[in-house]
Amino acid sequence: MTVPAPAPTRAEDYRGPYGLSEDQDLFRRTVHEFVAREIVPTAHEYDESETFPRENVRKMAELGLLGLVVPEEYGGAGASTLDYVLAMEEVSWGCASHAVVMSVNNSLVCEPIHRFGTDEQRREHLPRLAAGEYIGSYCLSEPTSGSDASNMATTARREGVDWVLNGTKSWISNGGEAGLYLVYAVSNTGVPKARGITAFLVHADNPGLRTGAKERKLGIRASATTQVFLEDCRVPSSAVLGRVDEGFKIAMSTLDGGRIGIASQALGIAQRALDETIRYSKERVAFGHPIAEFQGLQWRMADMATRIEAARLLIYRAARMKDAGQPYAKEASMAKLFASETANFCAHAAVQTFGGYGYVRDYPVEKLFRDAKITEIYEGTSEIQRLVISRHILREVARSK
Ligand SMILES: Cc1cc2nc3c(=O)[nH]c(=O)nc-3n(C[C@H](O)[C@H](O)[C@H](O)COP(=O)(O)OP(=O)(O)OC[C@H]3O[C@@H](n4cnc5c(N)ncnc54)[C@H](O)[C@@H]3O)c2cc1C
């Protein structure tokens with residue numbers, strides 16, 4: 001079963017506090033019901049055993065969630081960025097590990113293939129990525145370069161009509177599970193690194209590509225994170241995505257879009273933390289009263305709810321700007337920065353509200369607390385988001401003078 005993407009919104013359809021159409025609201029609710037039915041009951045076990053949730057990922061693909069942003073002509077749902085963030089929030093509400101798979105596949109792999117790929121590359125990969133026949137992974141970070149991504153050591157050397165890749169990629173989400181690796185490598189050492197990097201689409205079974213052991217993580221423990229080793233990995237020139245030496249632009253512009261997705265992952269975690277907090281504080285009695293009656297806790301819940309609404313509005317704004325074809329890098333960074341800090345604030349508050357029960361694995365908020373942290377780290381740490389935002393605003397001020 002595939003959920004059809006909502007029809008493009010018309011002005012007269014707009015309703016509710018977020019200006020969503022009826023179709024979008026129905027779409028959001030359909031994804032929520034799927035998540036409550038299929039993901040929530042199994043998320044704890046996958047997390048506990050640190051097992052990649054293959055069966056649930058298959059069901060997510062069936063519903064169309066792995067190819068939401070892929071145009072219909074390539075087998076996807078043809079959804080807007082706004083539709084995508086609605087779904088990302090719901091899946092993350094159920095389990096942030098499942099959301100990683102969806103976000104990497106949609107934002108970090110399908111999007112750049114669609115934007116920068118040849119028609120042949122699109123036809124080869126997009127239908128399969130959308131159907132979940134295989135999933136993708138995005139290989140930028142390395143042991144000695146994360147935030148400073150262009151300072152990578154992986155090389156791509158031309159040999160006849162082929163390219164030969166050598167190097168190590170770190171922290172690769174979907175590592176070991178993916179069928180396709182989008183690998184960035186230095187192809188030209190005669191220019192500053194950011195102008196000499198090329199992107200390559202490498203099949204998992206390509207000789208010379210090998211993945212390492214699964215990292216043992218604080219949170220999103222069901223997701224697969226591994227190193228990727230490229231050892232004389234020979235690929236044909238048809239594996240180049242976009243233009244030779246222009247891969248870093250692909251990497252950076254892809255992350256702008258990805259950040260809106262991670263912001264909505266954070267939003268889902270924050271919303272779940274608030275929902276659990278409200279439910280528990282009405283049930284738990286102390287000093288003869290449900291703890292929800294204590295003003296100190298009410299104020300904390302009000303702070304959680306207000307930050308969540310602000311995060312949601314920032315995310316929807318960034319998504320709408322992307323959909324409208326406007327520059328949105330600053331807005332995406334603001335959304336990610338604020339939403340990820342909101343997720344951590346809310347998960348922390350939820351654990352505090354649960355008291356001792358918040359500290360043990362039998363209750364859901366302990367997992368939220370662990371899962372929230374990654375949203376402040378990947379696809380650009382909070383420090384890097386502040387750097388991006390400040391660069392933009394300083395430039396804007398300079399221009400307005
Ligand atoms: C679970 C997980 C999944 C991931 N998935 C992927 C993936 O799929 N693909 C991929 O390519 N990468 C992935 N990453 C890598 C992730 O994007 C990097 O960890 C992140 O960008 C930070 O890089 P780093 O770890 O090298 O930290 P560093 O860059 O070494 O940063 C260390 C600290 O210094 C700060 N810092 C660095 N530069 C500055 C500066 N100029 N100003 C102020 N502070 C600064 C950082 O904010 C951070 O606090 C993943 C990481 C994790 C943990």
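Order of appearance sets the numbers: ligands from 1, and atoms from 1 within every ligand. Bear in mind that the values here come from a model prediction, so they are computed numbers and not experimental data.
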J.: Give me the nearest non-hydrogen protein atom to atom 18 (C) of ligand 1 as residue plus atom name, then the distance to 0.1 Å.
T.: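 The closest heavy atom on the protein side is Ser141 OG, 4.1 Å.
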J.: Take the angle between the ring planes of His125 and His203 and call it parallel below 30°, perpendicular above 60°, tilted in between.
T.: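 Answer is tilted, since the angle falls between 30° and 60°.
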J.: So if I apply the side-chain hydrogen bond (donor to acceptor under 3.5 Å, both in side chains) rule between Thr353 and each of Arg300, His348, Glu276, which one comes out positive?
T.: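 Exactly one option meets the side-chain hydrogen bond (donor to acceptor under 3.5 Å, both in side chains) with Thr353, and it is Arg300.
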J.: Run the numbers on Asn188 and Ile197 for side chain to side chain contact (heavy atoms under 4.5 Å, CB included), then give the verdict.
T.: CA-CA 7 Å; Asn188 186 346; Ile197 287 170; over 6 Å; no
J.: Just which atoms of ligand 1 are under 4.0 Å from any heavy atom in Leu140?
T.: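 Within the 4.0 Å cut-off of Leu140, ligand 1 contributes 11 (O).
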J.: Taking the non-hydrogen atoms of Val104, is any one of them nearer than 4.0 angstrom to ligand 1?
T.: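 No, that is not the case, since the closest heavy atom of the residue is not under 4.0 Å from the ligand.
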J.: Is there a donor-acceptor contact under 3.5 Å from the side chain of Ser107 to the main chain of Val104?
T.: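 Checking the backbone N and O of Val104 against the side chain of Ser107, no donor-acceptor pair under 3.5 Å is found.
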J.: My understanding is that we take every heavy atom of each candidate and find the minimum distance to atom 29 (O) of ligand 1. Doing that for Ser103, Ser147, Ser173, which one comes out nearest?
T.: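 Heavy atom nearest to atom 29 (O) of ligand 1 belongs to Ser147.
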J.: Does a donor on one side chain sit under 3.5 Å from an acceptor on the other, for Ser187 and Asp245?
T.: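 Their side chains do contain a donor-acceptor pair, which is all the 3.5 Å distance test asks for.
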J.: Taking only heavy atoms of Lys217, which atoms of ligand 1 are found under 4.0 Å from at least one of them?
T.: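 This gives 1 (C) as the contact atoms.
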J.: Measure Glu379 to ligand 1 on non-hydrogen atoms and call it side chain, backbone, both or neither using the 4.0 Å cut-off.
T.: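 Backbone only; the side chain of Glu379 stays clear of ligand 1.
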J.: With a 3.5 Å cut-off and sequence neighbours excluded, list the donor-acceptor pairs that the side chains of residues 211-218 form with protein atoms.
T.:
residue	atom	partner	partner atom	Å
Lys214	NZ	Glu50	O	2.5
Arg216	NH2	Glu50	OE2	3.2
Lys217	NZ	Ile220	O	3.3
Lys217	NZ	Ser223	O	2.8
Lys217	NZ	Ser223	OG	3.3
Lys217	NZ	Thr225	OG1	2.9

J.: What protein heavy atom is closest to atom 52 (C) of ligand 1, reported as residue, atom name and distance in Å?
T.: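 In this structure, atom 52 (C) of ligand 1 has Ile374 CD1, 3.7 Å as its nearest protein heavy atom.
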J.: Does the protein come close to atom 15 (C) of ligand 1 - that is, does one of its heavy atoms sit below 4.0 Å from that atom?
T.: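 Protein heavy atom within 4.0 Å of atom 15 (C) of ligand 1: present.
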